[in-house]
J.: 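Here it is, the structure, as structure tokens.
To find a chain, count down the sequence lines: A is the first, B the second, and so on, and within it residues start at 1.
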There are 2 protein chains.
Amino acid sequence: MTSRVTMSDVGHAAGVSHQTVSRVLNEPHRVNQETRDRVNDAIKRLKYHRSSVARALAMNRTKSIGLISTGLALHSHSKRMIAFNEAARASGYQVSMASLPTAEREPMQAALDVLMGQAVEGIVLIVADKRALDILDSLELDVPFVVADSGGSTDKHNVAIDQFLGARMATAHLADLGHERIAHIAGPDWSLDATERLRGWRTELESRGLPVSEPLFGNWTPESGYERGLELAASGEFTAVFAANDQMTLGVLHAFADRGMRVPDDMSVVGFDDIPEAAHFIPPLTTVRQDFVQLGFQIMSTLLSLIEETDIAEPVHTEPELVVRKSTAPRRP
Amino acid sequence: MTSRVTMSDVGHAAGVSHQTVSRVLNEPHRVNQETRDRVNDAIKRLKYHRSSVARALAMNRTKSIGLISTGLALHSHSKRMIAFNEAARASGYQVSMASLPTAEREPMQAALDVLMGQAVEGIVLIVADKRALDILDSLELDVPFVVADSGGSTDKHNVAIDQFLGARMATAHLADLGHERIAHIAGPDWSLDATERLRGWRTELESRGLPVSEPLFGNWTPESGYERGLELAASGEFTAVFAANDQMTLGVLHAFADRGMRVPDDMSVVGFDDIPEAAHFIPPLTTVRQDFVQLGFQIMSTLLSLIEETDIAEPVHTEPELVVRKSTAPRRP
DNA sequence: AGGATCGATGTGAGCGCTAACATTGGTCAC
DNA sequence: GTGACCAATGTTAGCGCTCACATCGATCCT
């Protein structure tokens, strides 16, 4: 390990003081052009990298934010994470990440402690788990945090794509095609997203006076979708189904294929997420697309306004988009 | 923001020096039981949190490692990332992450600069792009780094699941079923993983004296798989196909379905990755599974041995596993 | 008894940076 | 010409911690 090149070293090499080097880095306009060039040259020559650790200590600012997430296997989670990460980088923030297997209290607590020790300036939670919010509540952290989830709770800052609306759009699409018995395969009940999607489905049906059946619950996995799909096929009660994510929908499609049901002829199917695979399901899936890139930037800007106390950010909800493919068709008479 | 509670504050409250507080935290056994209790009490009372920033500056150790990745949309990449993240956390390391859209020089350079400034103790690259390695080479970073990729280059530390072997297994499976004309849909040519898988397919065919056709190239997406699938269906030359990842394979399946080809009756298909969806493709996909969790730990332990210079770590290759489902069948006479 | 040893604690310096103030030399106005 | 001013740079003091060393009794050995 070569010992670190410091500002003084650079200053020495350029024949100036360390403070001038600091100025070149922080407020270049306050330094003479010629000096600046000399310093920049020395920086390059010595391969100087400013220590952001020392900087953080001196300024009491780390320009880093903590990210806690669970269930990254979920397409929507990993998308959110990636999008946020890029947004943060674009804003000059560094993200320190903790991916946990589950939203248990202990690991969350521990992760948060580490992050706080790192003096992150904000925390983003990509954890679609109601429990996580309770834990967060009880922790009284004193940095701003944003929950990247469709929220029920209004006392927190959350940024999300409007899951409720998306679910209504999906359900409306089926209803518009003439379907009246529309089943729903929901996500796990601890998931906020799942709750919102369920609510959207129910609300849309009610607003049209269509019968609301008991929803079936899955756990986001294709397996659970397959099982619920078999049940659905057996019941024979429905002509359409809206499943709360594309992975479960794949399982549903599989189950229907196994039972000899044709989609969309015998049954219309809508998913949620528009994962890259969805366009190539058999048949290609009608689903609800979310713009995660935009979401990432919104999370970041909300967090920024919180950190800089410019403004109390309002909950932001962007609109999802229905992508119609081949898994839905008008109800046969 | 309340001003920070420091070690001296705690020391003062407990009637000892700041150094004793430090000792209580770092080497408790060297402090008198009674004093220790008093200090711990004060810590609790004042809600003291040690500043890991100051600590890092004093010790010149951050216990953090940088992660650079691109193409996180790819299942295998995001899996590697998650697995590594959890492994790092288990080893008491914090991971600072930079997810880039592409492996261009500029952004890579920038990300690396930031990471180096953060004084990370190591770098992990989850970038399956040959170009990335060249860039890395030209950068001469002076912290250890590990490339989480099947490597060609022996001068770098890389940890990977043996893609070559996996591809051979997939191909051998098809050959064992009696197939002789076995096509390959490869990943993009800049991808190391793709190159290894292609090599595995070719090697296996050659070792059995089977004809090696010109491989088709996709870009990992279902769309590209669909297109190559249509070409394959049109050619009518093959009875089996091995595609370099499951997403492309889904497209292939879709194309075959569109052309009225039945899998596995008319054509056997094998994928690679075993994404969660694979078990519910229609038909359920025979594919090659990789144990990413183990991989994550291996990356971490390789990195650790590099950081601590305990040992020059050998390239590690773990074995993948063939998962036989319903997309492959014996060749019909 | 005198020094060697040891456990328990304190002291001071320094990690690499920034912030605040000090210094220098030139320009301008009267 | 003298003071006021300003732009460009230097000097000094921390930020909160750890490390190396100093101190100080008490214990032990010969």
Side-chain angles (χ1 to χ4, degrees), chain A residues 1-40 42-43 46-64 94 114 116-121, chain B residues 1-40 42-43 46-64 94 113-114 116-121 142:
Chain A
M1 280 263 184
T2 26
S3 71
R4 214 171 214 301
V5 179
T6 73
M7 267 192 178
S8 302
D9 296 338
V10 174
H12 207 210
V16 296
S17 78
H18 65 121
Q19 177 61 352
T20 301
V21 179
S22 171
R23 277 203 197 90
V24 169
L25 259 29
N26 297 327
E27 354 168 63
H29 61 279
R30 301 187 35 114
V31 171
N32 200 18
Q33 172 74 43
E34 192 192 329
T35 321
R36 204 192 310 162
D37 290 346
R38 230 167 48 237
V39 169
N40 277 324
I43 287 178
L46 301 183
K47 288 187 185 147
Y48 169 72
H49 289 271
R50 165 164 64 185
S51 155
S52 59
V53 173
R55 188 160 205 254
L57 181 60
M59 296 203 304
N60 200 25
R61 285 209 72 186
T62 53
K63 275 278 197 177
S64 79
Q94 226 290 333
V114 174
M116 294 304 293
Q118 297 255 330
V120 295
E121 296 180 24
Chain B
M1 281 258 185
T2 26
S3 70
R4 216 169 211 304
V5 179
T6 72
M7 267 191 176
S8 303
D9 296 339
V10 175
H12 207 217
V16 297
S17 78
H18 65 120
Q19 177 60 358
T20 301
V21 179
S22 172
R23 277 203 196 90
V24 170
L25 258 28
N26 296 326
E27 354 169 61
H29 61 278
R30 301 187 32 115
V31 171
N32 200 17
Q33 172 75 43
E34 193 192 329
T35 321
R36 203 192 312 162
D37 291 346
R38 231 167 46 235
V39 169
N40 278 324
I43 288 178
L46 301 183
K47 287 187 185 150
Y48 169 73
H49 286 278
R50 167 165 61 183
S51 154
S52 60
V53 173
R55 187 161 206 254
L57 181 60
M59 295 204 302
N60 198 25
R61 285 211 73 188
T62 52
K63 276 275 198 178
S64 79
Q94 228 288 332
D113 274 359
V114 174
M116 294 303 294
Q118 297 254 330
V120 295
E121 297 180 25
D142 47 19

J.: C:dT18, OP1 or OP2 - any side-chain N/O from A:R50 closer than 4.0 Å?
T.: yes
J.: Please give, in whole Å, the distance from D:dC15 P to B:M7 CE?
T.: 15 Å
J.: Looking at CZ of B:R55 and OG of B:S22, how far apart are the two atoms once the value is rounded to the nearest 0.5 Å?
T.: 7.5 Å
J.: When all nucleic acid strands are considered with a 4.0 Å heavy-atom cut-off, which category describes A:S17: base, sugar-phosphate, or nothing?
T.: base
J.: Return whichever of A:H18 or A:R36 has its heavy-atom-nearest nucleotide of DNA chain D closer to the 5' end.
T.: A:R36
J.: Using heavy atoms to find the nearest nucleotide of DNA chain C for B:L57 and B:V31 separately, return the residue whose nucleotide is more 5′.
T.: B:V31
J.: Output the rounded distance in Å from CZ (B:R61) to C1' (D:dC17).
T.: 16 Å
J.: Select base, sugar-phosphate, or nothing to describe what A:T35 touches, counting heavy atoms under 4.0 Å on all strands.
T.: sugar-phosphate
J.: Toward the 5' end of DNA chain D, which comes first, B:A54 or B:R23, by nearest nucleotide?
T.: B:A54
J.: Nearest 0.5 Å, please: how far is CD in A:Q94 from NZ in A:K63?
T.: 11.5 Å
J.: Give the rounded distance in Å between these two atoms: CZ of B:R4 and C1' of D:dG14.
T.: 16 Å
J.: Apply the test side chain to side chain donor-acceptor pair (under 3.5 Å) to residues B:N32 and B:R38: give CA-CA distance (whole Å), side-chain angles for both, the deciding distance (0.1 Å), then the verdict.
T.: CA-CA 10 Å; B:N32 200 17; B:R38 231 167 46 235; over 6 Å; no
J.: Indicate whether OP1 or OP2 belonging to D:dG10 is found under 4.0 Å from a side-chain N or O atom of A:T20.
T.: yes
J.: At what distance, to the nearest 0.5 angstrom, does OG1 of A:T62 lie from CG of A:L57?
T.: 11.5 Å
J.: Which pair of heavy atoms, one from B:R36 and one from B:H29, lies closest together, and at what distance?
T.: NH2-CA, 4.5 Å
J.: Nearest whole Å is fine: how far is C:dA19 P from A:L25 CG?
T.: 13 Å
J.: When you measure from the side-chain N and O atoms of A:S22 to the phosphate of C:dT18, is any distance below 4.0 Å, counting only OP1 and OP2?
T.: yes
J.: Roughly how many Å is it from CD in A:E27 to C1' in C:dA20, rounded to a whole number?
T.: 12 Å
J.: If you find the nucleotide of DNA chain C closest to B:A58 and the one closest to B:N32, which residue's nucleotide is nearer the 5' end?
T.: B:N32
J.: Provide, to the nearest angstrom, the distance between the CE atom belonging to B:M116 and the C1' atom belonging to C:dG16.
T.: 15 Å
J.: Of the listed nucleotides (C:dC17, D:dC17, C:dG10), which one gets closest to any side-chain atom of A:R55?
T.: C:dC17
J.: What is the distance from CE of A:M59 to C1' of C:dG16, rounded to the nearest Å?
T.: 12 Å
J.: Determine the contact category for B:V53: base if any of its heavy atoms lies under 4.0 Å from a base atom, sugar-phosphate if only primed atoms, P, OP1 or OP2 are that close, otherwise nothing.
T.: nothing
J.: For A:T6, which contact category applies under a 4.0 Å heavy-atom criterion: base, sugar-phosphate, or nothing?
T.: sugar-phosphate
J.: Return the value, rounded to whole Å, for the distance between atom CD of B:Q19 and atom P of C:dA13.
T.: 15 Å
